[in-house]
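Taking it in order: structure first as structure tokens, then the write-up.
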2 protein chains.
Amino acid sequence: MSKNAKFDRTEVIEKATNLYWEKGYHGTSMRNLQTAIDLRPGSIYATFGSKDNLFKEAINHYAAQTGNLLQDCLDQSATPLTGLKLFIKKLIIDNLDGKPSCMCMIVKSLSELTESDNKELLDEVKKILSNIENRLAGIITDAIDADELDQSKDAMELASYLQVQIIGLRTYARLNNNKEIVNKFIDQIFVGAPFH
Amino acid sequence: MSKNAKFDRTEVIEKATNLYWEKGYHGTSMRNLQTAIDLRPGSIYATFGSKDNLFKEAINHYAAQTGNLLQDCLDQSATPLTGLKLFIKKLIIDNLDGKPSCMCMIVKSLSELTESDNKELLDEVKKILSNIENRLAGIITDAIDADELDQSKDAMELASYLQVQIIGLRTYARLNNNKEIVNKFIDQIFVGAPFH
DNA sequence: TTAATAATAGAACACTCGTTCATTATACAT
DNA sequence: ATGTATAATGAACGAGTGTTCTATTATTAA
């Protein structure tokens, strides 16, 4: 009766994600995207509706990807905290080269979007970061339940602390891409206050 | 023989800084700037040359302002480390409301500018952050010399650590503007590893 | 083979971008 | 008061923005 799209939707979103990740929302033009994903405006707008909506799909794709990495790390680790630590190391050390940016795309977006000009996208970004925090808190709760952390610990507080550390390290890595010192700082996250 | 500019150059830079700080480099248009600083294109371009150059002056103004705050905090504190801690508290807690952004303008710029599209500005930003790190290292060296920290400490490493913490906290504050927890985290910077 | 349907291409739209420039206004030296 | 140098104005430029739309192409059911 009709014909199907000849491009792979997921592949297109992946390419769009990488461009947005590198250049940011404002720094990426629809013309940039057209060439990067090799689609003409008609197809893009028929499929995604708008630049904003494509960005929304891109950043959610990025978040899902990151969530998968976290789950993989937990699955291949003996305890919640060692899984968490592996995740942070993979996220920061392994992402230093070859990726669109060593920084977190979600944090980059949190940084550039404004309440006045991009409220809807900003809310989406905050929602995603809040979900991540809850996910981290859940893992920390698992660690408490498994006696890997003592019961006096506040899971939400430690999750906040982890977010601060990850954000700080990934951003700092853009300035000073030094694997040795980043590695050292990651180890220290789990030994000092507030973890012990 | 001629007439002098009737606007105050510093005042104009201040207004430009606040707009760039809030909206970022790409999010701020020359039209936005024209209305914010109340100057027509001719005057702006005669005075500052280009959008890029105005941004450069703005971010250096921001850095100088932040440097002054740091110096004030050191001057009114008994020791280097207490001065540093006061600085961080003022920077983060007091900046939560009323400022164009609770995030650091320099970090926002580091986040949005790219090697491919804005190399010159990005290099300026990295230079500024590197200067800040050296400044922090100097203060930590003072702390070591004053026996506030023991001599085994590596000033540059602690300075990096401080940068990570400040970047992480200020960015996190945009997500979760919670003075109590931010305050707690600031206190913890100086009690856990790698400081003690 | 034909008719129906949807995907695609790419020209074009209205608008905004950073920037330039001819003009007008202003202030000081003579 | 007048001439001169400079500051300020704001219309205008070409290029780029996000988006729309029509014509074309491709696919599948009948």
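On a predicted model such as this, the values are computed, not experimentally measured, just so you know. Side chains included, hydrogens not; waters and symmetry mates left out as well; all remaining heavy atoms used.
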Worksheet entry | side chain to side chain contact (heavy atoms under 4.5 Å, CB included) involving B/Asp142 - partner list, sequence neighbours excluded | B/Pro80

Response to the item:
As a check of understanding: the bend across the helix from C/dT1-D/dA30 to C/dT30-D/dA1, end axes from five pairs, rounded to 10 degrees, works out to 0°

Response to the item:
side chain to side chain contact (heavy atoms under 4.5 Å, CB included) filter on A/Asn68, not counting sequence neighbours, yields none

Worksheet item: Rounding to a whole Å, what distance do you find between A/Met30:CE and C/dC17:P?
Response: 18 Å

Worksheet item: With B/Asp38, which residues qualify under side chain to side chain contact (heavy atoms under 4.5 Å, CB included), at least two apart?
Response: B/Arg40

Worksheet entry | B/Lys51 side-chain proximity, nearest of D/dA8, D/dT19, C/dG18 | C/dG18

Worksheet item: Separation of A/Tyr20 atom OH from D/dG18 atom C1', in whole Å?
Response: 10 Å

Item to complete: Round to the nearest Å and state the distance from A/Phe7 atom CZ to D/dA26 atom C1'.
Response: 15 Å

Worksheet entry | Residues B/Asp187, B/Lys85: salt bridge by 4.0 Å N-O rule | yes

Worksheet item: Rounding to a whole Å, what distance do you find between B/Asn53:CG and C/dG18:C1'?
Response: 14 Å

Practice prompt. Round to the nearest Å and state the distance from A/Ile37 atom CD1 to D/dG18 atom P.
Written response: 13 Å

Response to the item:
Residues at least two apart in sequence or cross-chain that pass ring pair (Phe, Tyr, Trp, His ring centres under 6.0 Å) with B/Phe55, listed by chain then number, are B/Tyr20, B/Tyr25

Practice prompt. Rounded off to whole Å, could you give me the NZ-to-C1' distance for the B/Lys6 and C/dT26 pair?
Written response: 9 Å

Response to the item:
The correct set of residues in residues 114-121 of chain A placing a heavy atom under 4.0 Å from DNA chain C is none

Discussion item. As an exercise, state the distance from CD1 of B/Ile189 to CG of B/Leu158, rounded to the nearest 0.5 Å.
Written reply: 12.0 Å

Fill in: Pairs flagged by ring pair (Phe, Tyr, Trp, His ring centres under 6.0 Å) wherever residues 58-105 of chain B is involved - sequence neighbours left out
B/Trp21-B/Tyr62

Worksheet entry | For A/Glu115, all residues meeting side chain to side chain contact (heavy atoms under 4.5 Å, CB included), sequence neighbours excluded | A/Lys119, A/Leu122, A/Asp123, A/Lys126

Worksheet, complete the sentence: Residues pairing under ring pair (Phe, Tyr, Trp, His ring centres under 6.0 Å) where one sits in residues 158-190 of chain B, two or more places apart or in two chains, turn out to be A/Tyr161-B/Phe185, A/Phe185-B/Tyr161, B/Phe190-B/Phe195

Worksheet item: Any ring pair (Phe, Tyr, Trp, His ring centres under 6.0 Å) pairs touching residues 117-152 of chain B, not counting sequence neighbours?
Response: none

Practice prompt. Using the ring pair (Phe, Tyr, Trp, His ring centres under 6.0 Å) rule, collect all pairs that involve residues 63-86 of chain A, keeping only residues at least two apart or in two chains.
Written response: none

Fill in: B/Tyr45 side chain near C/dT19 phosphate (N/O to OP1/OP2, under 4.0 Å)
yes

Discussion item. What contact category does B/Thr47 fall into here, base, sugar-phosphate, or nothing, at under 4.0 angstrom with non-hydrogen atoms?
Written reply: nothing

Worksheet entry | Whole-Å distance separating the CG atom of A/Leu33 from the C1' atom of D/dT17 | 12 Å

Practice prompt. Let me know the distance between CD1 of A/Ile44 and P of D/dC21, rounded to the nearest Å.
Written response: 17 Å

Quick test: give all pairs of protein nitrogen or oxygen and nucleotides 10-16 of chain D nitrogen or oxygen below 3.5 Å, distance rounded to 0.1 Å.
residue : atom : partner : partner atom : Å
D/dG10  : O6   : B/Gly42 : N            : 2.9

